[in-house]
Amino acid sequence: MGKYSKEDVLRILEENDVKFIRLQFTDIFGTLKNVAITRSQAKKALDNECMFDGSSIEGFVRIEESDMYLRPDLDTFCLLPWHTQHGKIARLICDVYKKNGEPFEGDPRYILRKTLQEAADMGYTFNVGPECEFFLFNTDEHGHPTTVTHDTAGYFDMGPSDLGESCRREICLTLEEMGFEIEASHHECAVAQHEIDFKYSDALSAADNILTFKMVVKSAADSHGLCATFMPKPLFGQAGSGMHTNMSLFSNGKNAFYDPDSPTGLSRIAYNFIAGILAHIRGMSALTNPLVNSYKRLVPGYEAPCYIAWTASNRSALVRVPATRGMGTRVELRSPDPACNPYLELAVLLAAGLEGIRRDMTPPEPVSANIYTMTEEERLAQGIENLPSTLLEAINYMKADPFIRGVLGEHAYNKYTEAKKLEWDEYSTRVSQWEIERYLSKF
């Protein structure tokens, strides 16, 4: 049974004198969209009668198929803790449906729901805990974003060098008002970089929470005269922002990754799951790391993974198994960045892990050494391959892996790959400032 009924939502709206409700959803790239309605239209929306133009949304449908419907997920209902001059605002995250009453196959939330059902059919629930990093920069005199900061702090530093401390505090308190359980917040290693971790949850809620988190971070930054960015690598010579993704499968209330009788504490299921992810990591990289800029983070020297390996002991590998065992046993993928669409990211990760279980796949031997200090010959001798180094390479790996197409479905797969190829083409033909500085006076 859900947290709220339609009657609960209507009553809370009235009791709190809510003026507007945001009906939220995402496009294929994970950009948060919304249709705002007044409280007088709430019952209509809760009866799944709110229509919008799907042809205006990236990756959705053509203009002749544009009528689509938003179906609110009542479990996502909450009051937004900030106030406006027009009164309180609530939000509901929605699933997208076609006018014939069927789920829209290109809705990222539907794609994750479909994969979660596959897990349920195998007897599993999928829990996820994301670690979201972001930058806080100054704005210019017009309020536009810059990459300028007066912050001088580093890893775990405190004020006064950590100039984002008060903004980070407001983010945490706002999220707690919205029902998040904040586990930790701190300054990250790069200047102006921050991390806030919230408790794991089921995968659909986790993806919803990531989008809510990004919305709150940007709103709080704006109220402090700052701009927040989840761009993976905004500063040359500094570490980029990742979104390490911690995953576990549960079956009958028990952590399926834990085996107390195993020397490592890891079950056969855990090894299968790791093997499935490693087998498809190149094909899913255009989803976990979706921007041209993403691949400027995945380079040696900045703590981000570049090589396909797993470990239970160090942070240089792509997949890490943290030391916690028992109910807290989990697998951490370190390559994703916060620019990704979390619904699609979690769908392909879960699907790959489930394939590993179905096929009883075995991962390569874990790597205990620091991969960053290995020579290329040493890595090749241990069978350690590279992640894609550019978005174009990632797109090509995605096209070469039919498994990813199967997870996304034809519509989302085609729309996504077409758009990302256009993004790469635009980038590759653009003249950069680096080229001007390097060549203009020399030739």
Side-chain angles (χ1 to χ4, degrees), residues 27-33 56-59 133-151 188-193 214 218 221-222 226-243 282-307 335-341 344-345 376 386-400 413-443:
D27 66 14
I28 199 169
F29 304 122
T31 304
L32 193 62
K33 306 288 185 180
S56 300
I57 306 301
E58 187 74 54
E133 297 173 341
F134 57 95
F135 283 82
L136 293 174
F137 292 124
N138 297 345
T139 55
D140 64 19
E141 66 272 19
H142 303 294
H144 297 151
T146 73
T147 55
V148 176
T149 178
H150 297 112
D151 180 291
E188 261 292 340
C189 59
V191 295
Q193 188 185 34
K214 293 167 77 170
K218 286 181 174 290
D222 185 66
L226 300 169
C227 67
T229 182
F230 293 90
M231 179 181 176
K233 183 84 168 184
L235 298 176
F236 172 72
Q238 297 278 347
S241 289
M243 190 179 75
R282 283 172 158 173
M284 68 175 73
S285 288
L287 296 162
T288 59
N289 305 91
L291 308 182
V292 167
N293 181 255
S294 297
Y295 297 87
K296 299 185 178 183
R297 166 180 165 258
L298 301 178
V299 295
Y302 296 98
E303 299 188 6
C306 320
Y307 310 111
S335 58
D337 65 55
C340 74
N341 183 328
L344 299 185
E345 179 222 7
E376 183 177 1
N386 291 16
L387 285 172
S389 59
T390 66
L391 179 60
L392 179 62
E393 192 178 345
I395 295 166
N396 289 335
Y397 274 118
M398 186 172 173
K399 290 180 176 179
Y413 174 87
N414 290 331
K415 293 289 186 181
Y416 194 91
T417 52
E418 286 168 11
K420 286 299 164 182
K421 183 59 167 59
L422 286 172
E423 184 177 338
W424 174 262
D425 290 344
E426 183 180 346
Y427 165 74
S428 61
T429 56
R430 185 72 59 91
V431 178
S432 69
Q433 186 60 34
W434 182 90
E435 292 169 278
I436 297 295
E437 293 173 0
R438 182 90 172 186
Y439 305 130
L440 191 64
S441 62
K442 188 174 182 180
F443 295 98

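FYI, the numbering just counts along the sequence from 1.
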Residues at least two apart in sequence or cross-chain that pass side-chain hydrogen bond (donor to acceptor under 3.5 Å, both in side chains) with D337, listed by chain then number, are N289, S294
* To do: Answer yes or no: is there a side-chain heavy-atom contact under 4.5 Å between L226 and T139?
  => no
Sequence neighbours excluded, the answer for side-chain hydrogen bond (donor to acceptor under 3.5 Å, both in side chains) partners of S389 is E393
For Y307, the side-chain contact (heavy atoms from CB on, under 4.5 Å) test, sequence neighbours excluded, returns P300, I371, Y372, R379, I384, N386
Hits for side-chain hydrogen bond (donor to acceptor under 3.5 Å, both in side chains) against K218, two or more places apart or cross-chain, chain-then-number order -> none
Residue set satisfying side-chain contact (heavy atoms from CB on, under 4.5 Å) with Q238, at least two apart, ordered chain then number -> A190, V191, L235
Sequence neighbours excluded, the answer for side-chain contact (heavy atoms from CB on, under 4.5 Å) partners of A192 is F135, F137, T149, D151
Those residues at least two apart in sequence (or on a different chain) that pass ring-ring contact (aromatic ring centres under 6.0 Å, His included) with F230 are F134
- Polar side-chain atom of R297 near backbone of S335 as donor-acceptor pair, under 3.5 Å: yes
Hits for ring-ring contact (aromatic ring centres under 6.0 Å, His included) against Y295, two or more places apart or cross-chain, chain-then-number order -> none
With sequence neighbours left out, the residues meeting side-chain contact (heavy atoms from CB on, under 4.5 Å) with D222 are none
Here the salt bridge (charged side-chain N to carboxylate O under 4.0 Å, His left out) pairs for residues 422-435, sequence neighbours left out, are K420-E423, K421-D425, E426-R430
_Side-chain donor/acceptor of E345 to backbone N/O of L287, under 3.5 Å_ = no
side-chain hydrogen bond (donor to acceptor under 3.5 Å, both in side chains) filter on T288, not counting sequence neighbours, yields none
